[in-house]
Amino acid sequence: MKIFILEDDGNCSGVIEWLKNRSDEIKLVKNLEDACYFLEYEAGYTAYDKFIMDASLPGAKILHCNGKEKKYMGALNGIDYIFNTFPDLGIELKKEKVAILTAFAPQAKTYMQLNNYKDTVQIINKNDNHFKTVLQDFLES
């Protein structure tokens with residue numbers, strides 16, 4: 001399986017190592033600029049099987065491949081990037097394909113509702129007692 005991960009939290013290094021030990025092909029990026037580069041400018045990354053994206057990242061100004069520049073400065077800018085960009089890249093927004101990884105799951109869910117983002121992607125709570133099981137279920141879906 002090919003997994004694209006956008007995660008900047010060093011506390012998640014154990015999770016990243018666990019994923020790498022599964023023998024999957026992993027592409028790890030740590031900021032929105034790198035995610036944009038690989039997903040929008042490099043061939044093949046949009047065809048990954050799974051996308052695990054951090055909800056909250058340092059602000060960024062992105063020049064998308066369509067020539068439009070967009071600022072991602074909000075507290076949950078990873079979510080904005082997913083919903084603003086993935087449909088244009090042909091990445092299906094489905095719970096089996098895209099997961100938002102966050103320590104702020106209730107806030108992420110509320111944010112998605114307030115911004116009229118469809119409830120189409122999975123939210124995986126880093127603070128859930130069953131975090132590893134939920135992540136495993138997402139990978140096997």
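Just so you know, these numbers use all the heavy atoms, side chains as well, and skip hydrogens, waters and symmetry mates. Computed from a prediction, not measured in an experiment: that's the story for all the values here.
- For the pair L32/L6, a side-chain contact is recorded, criterion being any heavy-atom separation below 4.5 Å from C-beta on.
- Taking CG of L63 as the reference point, atom SG of C36 lies at 7.5 Å (rounded to 0.5 Å).
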Apply side chain to side chain contact (heavy atoms under 4.5 Å, CB included) to L135 and V15, showing your working.
CA-CA 10 Å; L135 182 57; V15 173; 3.7 Å; yes
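- Rounded to the nearest 0.5 Å, atoms CG (L93) and CD (Q122) are 13.5 Å apart.
- Remark: K109 NZ is loosely packed, at most 12 non-hydrogen atoms of other residues, nucleotides or ligands lying under 6.0 Å away.
- Both M53 and Y45 belong to a single network of hydrophobic side chains, linked directly or stepwise wherever heavy atoms of I, L, V, M, F, W or Y lie under 4.5 Å apart.
- A salt bridge links K95 with D119: the closest approach of a Lys/Arg side-chain nitrogen to an acidic carboxylate oxygen falls below 4.0 angstrom.
- A single hydrophobic cluster is seen to contain both M112 and L76, as judged by linkage of ILVMFWY side chains at heavy-atom distances under 4.5 Å, directly or through other members.
- Without hydrogens or angle criteria, N127 side chain to A103 main chain gives a donor-acceptor distance under 3.5 Å.
- The neighbour count for K2 NZ, taken as heavy atoms of other residues, nucleotides or ligands under 6.0 Å away, is above 12.
- Environment of NZ in K30: sparse, with no more than 12 heavy atoms of neighbouring residues, nucleotides or ligands closer than 6.0 Å.
- Nearest heavy atoms, P58 versus N77: O-ND2, 3.5 Å.
- For the pair L19/L139, a side-chain contact is recorded, criterion being any heavy-atom separation below 4.5 Å from C-beta on.
- You'll find the side chain of Q136 reaches within 4.5 Å of the side chain of W18, heavy atoms only.
- Counting heavy atoms from C-beta on, the side chains of I100 and I124 never come closer than 4.5 Å.
- Each of F4 and I16 belongs to its own hydrophobic cluster when Ile, Leu, Val, Met, Phe, Trp and Tyr are linked at side-chain heavy-atom distances under 4.5 angstrom.
- Among residues at least two apart or in separate chains, side-chain hydrogen bond (donor to acceptor under 3.5 Å, both in side chains) pairs with a member in residues 80-94 are E40-Y81, D80-Y111, D80-Y117.
- Taking the side chain as every heavy atom from C-beta outward, N31 and Y37 never approach each other to under 4.5 Å.
- Annotation: cation-pi pair K27/F38 present, NZ/CZ under 6.0 Å from the ring centroid and within 45° of its normal.
- Contact detail for K126 and F131: the closest heavy-atom pair is CA-CD1, 3.8 Å.
- Considering every non-hydrogen atom in both S56 and A75, the closest pair reads OG-O, 2.8 Å.
- From L114, atom CG reaches atom CD of Q107 across 11.5 Å, with rounding to the nearest 0.5 Å.
- Inter-residue side-chain proximity for K61 and E69 is flagged as met; some heavy-atom pair is nearer than 4.5 Å.
- Between F51 and Y48, the ring planes lie tilted relative to each other; the angle falls in the 30° to 60° range.
- Side-chain contact check for K50 versus S141: some heavy-atom pair is nearer than 4.5 Å.
- Both I26 and F138 belong to a common hydrophobic cluster when Ile, Leu, Val, Met, Phe, Trp and Tyr are linked at side-chain heavy-atom distances under 4.5 angstrom.
- Between atom CG of residue N125 and atom NE2 of residue H130 there is a gap of 11.5 Å, rounded to the nearest 0.5 Å.
- Between the CD atom in E7 and the CG atom in L57 there is a gap of 7.5 Å [rounded to 0.5 Å].
- A salt bridge does not link E17 with R22: every distance from a Lys NZ or Arg NE/NH1/NH2 to an Asp or Glu carboxylate oxygen is 4.0 Å or more.
- Residues M73 and G59 come closest through the heavy atom pair SD-CA, 3.7 Å.
- There is no path of hydrophobic side-chain contacts, each under 4.5 Å, that joins I82 to I3.
- Each of V98, N116, V121 was evaluated against F83; a single residue qualifies, V121, per the side chain to side chain contact (heavy atoms under 4.5 Å, CB included) test.
- Side-chain atoms of T46 and L89, non-hydrogen and from C-beta on, do get closer than 4.5 Å to each other.
- Between atom CG of residue D128 and atom CD1 of residue I123 there is a gap of 12.5 Å, rounded to the nearest 0.5 Å.
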